[in-house]
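Everything below concerns the one structure shown next.
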Amino acid sequence: MNTTTADARSATFTAQPGTGQLRRSADNRMLAGVAGGIARYLGADVTLVRVIIAALVLFTGAGAALYLAAWLLIPADGDDESIAAAWIARRQARSR
């Protein structure tokens, strides 16, 4: 690999939005963007992630709780904080 190839790959990698950070997807969403965000973070196919989540929901029941937790704890694209963090911040601001 020469320097030009390495620079081109580096530029392509850094130009991808959200790479390196787990965020709920705004573009690839069916419900809350959790599967799209996880797929982007892992570099996996979003359909595979959705199938795994659906299997967890159907076979263990834990999938629904995990999806809900991810929806509350993972910030969306373009947001600085998650839904849960924003809710906690508002509650703390009211109690002061």
Side-chain angles (χ1 to χ4, degrees):
M1 177 178 349
N2 60 29
T3 307
T4 306
T5 306
D7 290 341
R9 286 185 182 173
S10 175
T12 302
F13 182 74
T14 56
Q16 295 175 351
T19 302
Q21 293 183 338
L22 180 57
R23 301 267 182 199
R24 290 184 293 118
S25 176
D27 300 327
N28 199 358
R29 65 188 307 165
M30 290 186 89
L31 292 175
V34 172
I38 291 172
R40 181 179 55 206
Y41 181 75
L42 296 175
D45 182 35
V46 69
T47 305
L48 176 64
V49 174
R50 287 181 179 137
V51 167
I52 291 170
I53 291 171
L56 286 172
V57 169
L58 292 173
F59 297 121
T60 67
L66 291 173
Y67 192 91
L68 179 65
W71 175 57
L72 293 172
L73 297 173
I74 299 173
D77 282 341
D79 288 346
D80 292 333
E81 59 187 6
S82 67
I83 293 170
W87 181 77
I88 291 169
R90 281 193 307 267
R91 299 251 332 180
Q92 289 177 345
R94 283 188 211 156
S95 66
R96 291 182 186 174

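As the structure is a prediction and not an experimental result, all values here were calculated from the model. Keep in mind that the numbers below use all heavy atoms, side chains included, and drop hydrogens, waters and symmetry copies.
Hydrophobic clustering places Leu31 together with Leu72 (ILVMFWY residues linked when any side-chain heavy atoms are closer than 4.5 Å, directly or through intermediates). Linking ILVMFWY residues whenever their side-chain heavy atoms come closer than 4.5 Å, directly or via other members, leaves Leu42 and Leu48 in distinct clusters. Ile38 and Leu68 fall within a single hydrophobic cluster, where Ile, Leu, Val, Met, Phe, Trp and Tyr are joined by side-chain heavy atoms under 4.5 Å apart, directly or via other members.
Ion pairing of Arg40 with Asp77 is present here, as a side-chain N (NZ or NE/NH1/NH2) and a carboxylate O approach within less than 4.0 Å.
Here Ala86 pairs with Glu81, Arg90 under the side-chain contact (heavy atoms from CB on, under 4.5 Å) rule; sequence neighbours left out.
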Show the atom names and distances, to 0.1 Å, of all donor-acceptor pairs under 3.5 Å that link a side chain in residues 49-67 to residues at least two apart or in another chain.
residue: Arg50; atom: NH2; partner: Asn28; partner atom: OD1; Å: 3.3
residue: Thr60; atom: OG1; partner: Leu56; partner atom: O; Å: 2.6
residue: Thr60; atom: OG1; partner: Ala62; partner atom: N; Å: 3.1
residue: Tyr67; atom: OH; partner: Ala32; partner atom: N; Å: 3.2

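Scanning both residues, Leu22 and Gly37, for their nearest heavy atoms gives CD1-O, 3.8 Å. Contact between Ile83 and Arg24 at its shortest, heavy atoms only, is CD1-NH2, 3.8 Å.
Remark: the backbone N or O of Ala89 is not paired with any side-chain donor or acceptor of Arg94 at under 3.5 angstrom.
In this structure, OG on Ser82 lies 9.0 Å from CD1 on Ile74, to the nearest 0.5 angstrom. Note that OH of Tyr41 is 9.5 Å distant from CD of Gln21, once rounded to the nearest 0.5 Å.
No more than 12 heavy atoms of other residues, nucleotides or ligands shown are found within 6.0 angstrom of CG on Asp80.
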